*Asks:* 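Following this message is one structure expressed as structure tokens.
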Amino acid sequence: MIHKTLKPFPKHFLWGASTSAYQVEGASLEDGKGPSCQDVKKVPEGTSDLKVCADQYHRYKEDIALMAEMGFKTYRFSVSWSRILPEGTGAVNPKGIEYYNNLIDECLKYGIEPLVTMFHFDMPAALDKRGSWSNRESVDWFLNFAKVLFESFGDRVKYWLTINEQNMLTLVGPVIGTLMIPEGCTNILKETYQQNHHMLVAQAKAMALCHELLPNAKIGPAPNISVVYSASCKPEDTLAAQNFNAIRNWLYLDMAVYGVYNNLVWSYLEEHDAVPVFAPGDEEALKNGRPDFIGFNYYTTSTAQASDGTEKEGKKADQQKADGIPGVYKGFRNPNLLTTEFGWEIDPLGFRATMREIYSRYHLPMIVTENGLGAYDKLTEDKKVHDPYRIEYLRKHIEQIRLAITDGCEMMGYCPWSAIDLISTHEGIVKRYGFIYVDREEFDLKTMNRYRKDSFYWYKKVIASNGEDLA
Ligand code: BGP
């Protein structure tokens with residue numbers, strides 16, 4: 001569709017950016033916080049641990065002031081479950097509540113709408129010991145946590161996200177440091193999809209509870225969605241792309257929106273003796289949970305060709321790269337796309353295709369909860385960071401949002417990853433994404449001072465012009 005006239009961004013479009021608690025806060029065991037699975041995992045060799053991160057716990061005022069200077073309308077951050085409930089269940093840590101009260105109030109002081117992710121990769125370690133998402137009780141643990149959040153912050157927080165990238169937890173949990181498989185398990189796929197089922201039920205119940213307790217709030221999921229292309233017009237490749245689209249994307253949104261399992265995924269699980277067990281009431285609970293909007297993270301597309309059985313599951317896998325799944329699809333390096341320094345393909349047009357596809361399937365407003373470019377930024381001697389590559393990446397993606405809006409997609413907001421430099425899921429601090437540079441290295445905390453990157457000034461202009469001025 002080549003449009004002659006572009007529609008503007010909606011008047012109250014939520015421009016902002018994202019972070020997550022375990023990657024940005026630091027203070028990992030301070031003020032009563034219990035450890036999460038991220039604090040006890042073995043970090044990849046050569047990368048920083050998660051004790052200090054960007055130290056936002058102590059510097060949130062400065063950070064929010066910088067976000068306000070950029071003109072943010074929203075800040076997407078996550079709440080650390082084990083800071084609020086150190087054991088995951090049981091006693092609430094008043095200091096944890098106080099921290100998020102302060103953070104929320106600081107945002108509101110500048111008119112920044114908090115967009116709160118309830119769970120971003122950081123299961124309390126105490127609950128890991130009790131089986132994590134494998135344990136059926138995890139549904140109740142999460143619901144109890146959700147209740148504490150709604151009751152403590154619901155008077156001020158209007159926008160909630162349930163679980164960050166549940167699809168990546170399921171597909172590449174070990175890379176993120178989250179997959180907990182009980183000892184002696186003989187069918188890992190079954191166990192993984194049982195965990196996934198518990199998360200789906202927990203999410204549905206949390207959405208229903210949110211609507212019950214906070215009738216004016218809005219809640220949605222936040223999976224990592226990107227359309228899967230077919231490597232060619234060979235029918236076999238098209239079927240493989242459909243397979244991976246179902247497993248990677250639609251399972252999560254079909255369930256969040258319609259409360260049903262995607263049929264392709266179900267048959268794949270049947271084939272591997274891996275269908276999840278439904279507890280009494282699950283079917284109804286899944287149908288009762290309804291999102292008000294769809295949050296989704298987008299970095300790049302995937303491309304699939306027909307499986308030839310040689311794919312090595314898990315090989316080279318992270319959130320955006322995978323070799324394939326035997327019998328399902330084989331990964332294909334798209335020759336039409338350039339890659340980032342970290343090997344992720346760059347595909348702004350695929351972003352538009354993804355928005356169109358999501359909207360035509362679900363007809364709900366969308367907010368982009370992550371999108372961005374990880375790079376080896378350098379602080380110059382005069383304390384500048386020249387990151388034209390990031391500006392170019394973001395510009396091209398924002399252009400596609402405008403085109404998607406013109407296509408008729410309802411877009412609520414855009415929160416690139418990340419507001420400020422933080423620790424990557426598995427590649428340390430050197431893989432930087434922020435508009436704000438944090439003066440630290442992998443193992444040397446240096447000054448921890450904040451510096452405005454070139455992209456900071458650029459994004460400020462974008463927001464001030466409501467997306468008109470992308471130059
Ligand atoms: C998403 C996660 C984030 C974030 C981002 C960038 O998958 O939700 O937590 O880290 O990817 O990924 P990475 O840190 O691996 O570069």
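Quantities reported herein were computed from a predicted structural model and do not represent experimental measurements. For ligands, and for the atoms within them, numbers begin at 1 and follow the listed sequence.
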*Asks:* Holding to salt bridge (charged side-chain N to carboxylate O under 4.0 Å, His left out), I want the full list of residues that pass it with Lys158, two or more places apart in sequence or in another chain.
*Replies:*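 If we apply the salt bridge (charged side-chain N to carboxylate O under 4.0 Å, His left out) test to Lys158, skipping adjacent residues, the hits are Glu113.
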*Asks:* For residues 411-439, which residue pairs pass the salt bridge (Lys or Arg N to Asp or Glu O under 4.0 Å) check, not counting sequence neighbours?
*Replies:* Asp421-Arg432, Asp421-Lys453, Glu427-Lys431, Asp439-Lys446
*Asks:* Check side-chain contact (heavy atoms from CB on, under 4.5 Å) between Ile181 and all other residues, then give those that pass, not counting sequence neighbours.
*Replies:* Leu179, Cys185, Ile188, Glu191, Thr192, Gln195
*Asks:* Considering non-hydrogen atoms only, spot the tightest contact between Ala206 and Met118 and give its length.
*Replies:* CB-CE, 4.3 Å
*Asks:* Are the side chains of Tyr22 and Ile423 in contact, using a 4.5 Å heavy-atom criterion?
*Replies:*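 Ile423 vs Tyr22: side chains apart.
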*Asks:* Please list, by chain and number, the protein residues whose heavy atoms come under 4.0 Å of ligand 1.
*Replies:* Gln23, His120, Phe121, Asn164, Glu165, Asn297, Tyr299, Gln319, Trp344, Glu370, Trp417, Ser424, Thr425, His426, Lys431, Tyr433
*Asks:* Under the criterion ring-ring contact (aromatic ring centres under 6.0 Å, His included), which of Phe119, Trp81, Phe150 is the partner of Phe145?
*Replies:* Trp81
